[in-house]
There are 2 protein chains.
Amino acid sequence: MEDRVSKRPTIADVARRAGVSKGSVSFALNGRPGLAQATVDKILAAADELGWRPSNRARSLSVSKAFALGLVITRDPAVLSSDPFFPAFIAGVESVLSTRGQALVLQVVMAGESEEDGYRRLAQDARVDGVFLSDLRHDDPRIDLLVELGLPAVTLNRPDGESPFPAVILDDRPGTRAVVEHLVELGHTRIAQVAGPSAFVHATARATAFVETLTAAGLEPLTETGDFTAAGGIEATRRLLALPEPPTAIFYANDRMAIAGLGAAQAAGLTVPDDLSIAGFDDSELAEYVHPGLTTVRADPYRFGEAAALTLNQLVDGAADVPDTELPPAQLVVRGSTASPPV
Amino acid sequence: MEDRVSKRPTIADVARRAGVSKGSVSFALNGRPGLAQATVDKILAAADELGWRPSNRARSLSVSKAFALGLVITRDPAVLSSDPFFPAFIAGVESVLSTRGQALVLQVVMAGESEEDGYRRLAQDARVDGVFLSDLRHDDPRIDLLVELGLPAVTLNRPDGESPFPAVILDDRPGTRAVVEHLVELGHTRIAQVAGPSAFVHATARATAFVETLTAAGLEPLTETGDFTAAGGIEATRRLLALPEPPTAIFYANDRMAIAGLGAAQAAGLTVPDDLSIAGFDDSELAEYVHPGLTTVRADPYRFGEAAALTLNQLVDGAADVPDTELPPAQLVVRGSTASPPV
DNA sequence: TTGTATGCGTTATCAC
DNA sequence: GTGATAACGCATACAA
């Protein structure tokens with residue numbers, strides 16, 4: 001009567017109830033061969049009656065696994081707070097983890113810390129079995145770091161250097177090319193881009209695709225660099241509009257800069273798209289609802305997260321050669337913010 | 001030479017090196033009394049030389065703690081994908097957790113699941129020592145659930161029913177009142193709001209403050225309900241603008257709806273703020289950069305997260321009576337989207 | 001099939 | 001007052 005609180009049953013309880021040993025219980029619960037069917041049934045019935053559930057903690061200790069994956073986010077709160085990528089990416093990751101009883105550990109790197117510190121913490125605390133490597137930089141030092149830490153990882157897109165980790169790839173370039181071709185077809189000849197910081201692989205991928213497509217069309221590319229924030233988008237836009245011959249169309253490396261740029265253009269008295277065409281990248285929620293609707297490039301961060309989690313789990317499960325995964329490339333979405341240039 | 005891989009040192013290693021027992025090592029490392037100072041020094045030196053770090057897993061198992069806190073987020077892509085609150089809130093939470101070696105576990109509730117399932121998973125898997133309770137609903141069933149699960153929690157704002165959990169409070173009402181008064185001072189007499197779903201405590205807090213302030217000013221409140229998404233903001237805006245006597249000012253319960261409403265108004269041929277004043281709530285990044293800049297209400301989700309983590313940790317650490325924490329209330333930020341009504 | 005050792009830190013008990 | 005010893009929590013690998 002006293003013991004009503006009944007702590008969680010352990011395999012020892014199950015074993016006692018089924019009249020077998022702990023080892024047998026473990027075998028039965030994991031469906032391993034070597035036990036008579038009758039014994040298995042008896043054990044499973046006992047476990048069921050007791051409502052036994054495995055203990056993550058004990059399992060973690062005995063198999064040296066965390067049953068969790070980690071995501072390190074470095075961006076400062078301002079940047080973090082309106083990036084449309086991560087929340088959807090995380091939802092995709094969770095869709096995989098929840099089916100396996102895994103957890104997602106978020107590690108936010110604080111101001112003044114290096115991103116590497118975040119991974120180091122996750123590794124030292126043995127908090128996760130593997131990590132997602134996002135926002136790859138050129139010659140990304142995190143790859144060597146993770147090798148050194150012995151932490152499995154999957155890279156979001158392919159790094160430019162050597163990498164022992166599988167990559168999940170969502171090619172930004174077809175979408176970028178499509179934007180540029182769309183603008184060229186509309187008749188624009190002075191087309192600018194506001195690129196992301198050149199340290200990032202995906203930023204330069206988009207920037208290079210922009211330049212190459214424009215050059216292939218026989219046009220002169222014009223490039224300003226932003227920092228993916230709205231404030232940066234505004235500044236880059238002002239610089240472009242202050243040129244002696246300002247562009248008639250601007251492609252931004254993400255929607256946040258594009259929407260800010262749209263605001264800056266309107267604030268400068270320009271009408272979009274009549275005076276200036278604007279295109280973004282991401283197809284974030286607001287892109288559809290600002291006025292005019294933002295022409296942009298749509299990726300699928302949810303599937304990206306899903307694929308990344310599946311790939312990383314193969315590695316965590318000990319697969320030898322985990323292949324890269326290629327996702328459908330980003331696609332152009334045409335809305336009202338792009339039109340033919342003023343005559 | 002062979003053993004260069006050198007697995008992590010354990011307290012047994014430290015004990016051997018210091019020439020004492022495991023128990024003594026534990027006492028020394030935890031600063032518990034009962035050891036001679038010389039012995040303590042010897043042990044700490046040995047631990048230091050070996051680079052000993054406690055194993056989370058073993059600690060978790062022996063003290064029955066996860067050293068992690070949990071946040072459950074519903075995977076409504078709309079809510080998740082561009083809500084400016086969570087990322088900043090999370091950064092604030094992490095600023096506290098990182099100093100304590102705790103981790104943040106994110107639990108995303110998948111479509112078709114109830115939010116309660118998320119908490120249940122965290123509790124059953126014993127993944128966390130406590131959880132944050134956000135987006136409180138009226139008579140929120142999660143409170144009883146968490147009591148039943150025995151999971152400590154902190155509520156973001158105060159629930160309307162009984163609650164055994166401490167609350168961290170950021171009062172939305174002063175900001176809401178300030179918006180309404182600002183609009184009234186500008187001379188508006190037909191002021192509408194697009195409220196959030198009435199199931200949420202914070203949504204009705206804002207909605208009620210709106211109605212009360214307007215009524216106190218002798219004006220007739222006009223209310224439409226949105227769902228906090230951009231699409232919902234658009235629809236509510238269209239309904240308002242289609243009225244025989246449309247409002248000259250609209251207050252939205254969040255910036256996403258407001259920015260979408262701004263787009264809808266502009267798409268309908270209205271000039272903001274000349275024909276229609278618009279105000280939001282959140283002061284999200286883009287609020288400053290759309291055109292015209294969005295008059296809105298600024299809260300501080302980073303401090304909110306910080307305070308919530310501190311409060312929750314007191315509870316987790318076993319404090320008996322953890323007091324509520326009151327944060328500075330949300331404040332009005334006036335930008336270009338509000339002006340006097342058309343004459 | 002069973003019993004036992006293992007992984008690791010904490011804590012209760014006991015001896016000097 | 002000091003410190004050692006052993007049990008505990010839990011699942012699993014492996015020898016018996």
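Note that the structure is predicted; figures quoted are calculated from it, not measured. We name chains A, B, ... by the order of the sequence lines, and we start the count at 1 in each one.
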Practice problem: Using a 4.0 Å heavy-atom cut-off across all strands, classify Leu35(A) as base, sugar-phosphate, or nothing. | Solution: sugar-phosphate
Exercise. Would you mind classifying the nucleic acid contact of Thr10(A) as base, sugar-phosphate or nothing, using non-hydrogen atoms under 4.0 angstrom?
Key: sugar-phosphate
Quiz prompt | Candidate nucleotides dA11(D), dT10(C), dG3(D), ranked by approach to the side chain of Lys22(A) - the nearest | solution = dA11(D)
Exercise. Choose from dA11(D), dT10(C), dA4(D) the nucleotide whose nearest atom is closest to any side-chain atom of Pro54(A).
Key: dA11(D)
Self-check item: Steps toward side chain to side chain donor-acceptor pair (under 3.5 Å) verdict (Asn157(A), His202(A))
Solution: CA-CA 8 Å; Asn157(A) 285 321; His202(A) 57 276; 5.7 Å; no
Quiz prompt | Selected nucleotide, minimal atom distance to Leu61(A) side chain, candidates dC8(C), dT5(D), dA11(D) | solution = dC8(C)
Exercise. Using the ring of Phe67(B) (Phe, Tyr or Trp, six-membered ring only), decide whether Arg100(B) places NZ or CZ under 6.0 Å from its centre and within 45 degrees of its axis.
Key: no
Exercise. Check every strand shown and say whether Ser26(B) touches a base, only sugar-phosphate, or nothing at a heavy-atom separation below 4.0 Å.
Key: base
Exercise. Tell me which nucleotide among dA11(D), dT10(C), dT2(C) gets nearest to the side chain of Ala58(A).
Key: dA11(D)
Quiz item: Taking atom C1' of dG9(C) as reference, at what distance in whole Å does atom CD1 of Ile43(B) sit?
Solution: 14 Å
Exercise. Among dG3(C), dT11(C), dC10(D), find the nucleotide with the atom closest to the side chain of Ser55(A).
Key: dC10(D)
Exercise. Give the nucleotide from the list dT10(C), dA11(D), dG3(C) with an atom nearest to the side chain of Ser21(A).
Key: dG3(C)
Exercise. Give Val20(A) one of three labels, base, sugar-phosphate or nothing, depending on what nucleic acid heavy atoms sit under 4.0 Å from its own.
Key: sugar-phosphate
Quiz item: Between dG9(C), dT12(D), dC14(D), which nucleotide gets closest to the side-chain atoms of Ile11(B)?
Solution: dG9(C)
Exercise. Let me see the working for Leu133(B) and Val154(B) under side chain to side chain contact (heavy atoms under 4.5 Å, CB included), right down to the final yes or no.
Key: CA-CA 6 Å; Leu133(B) 219 45; Val154(B) 59; over 6 Å; no
Quiz item: Going by the angle between their ring planes, with limits at 30° and 60°, are Phe89(A) and Phe85(A) parallel, tilted or perpendicular?
Solution: parallel
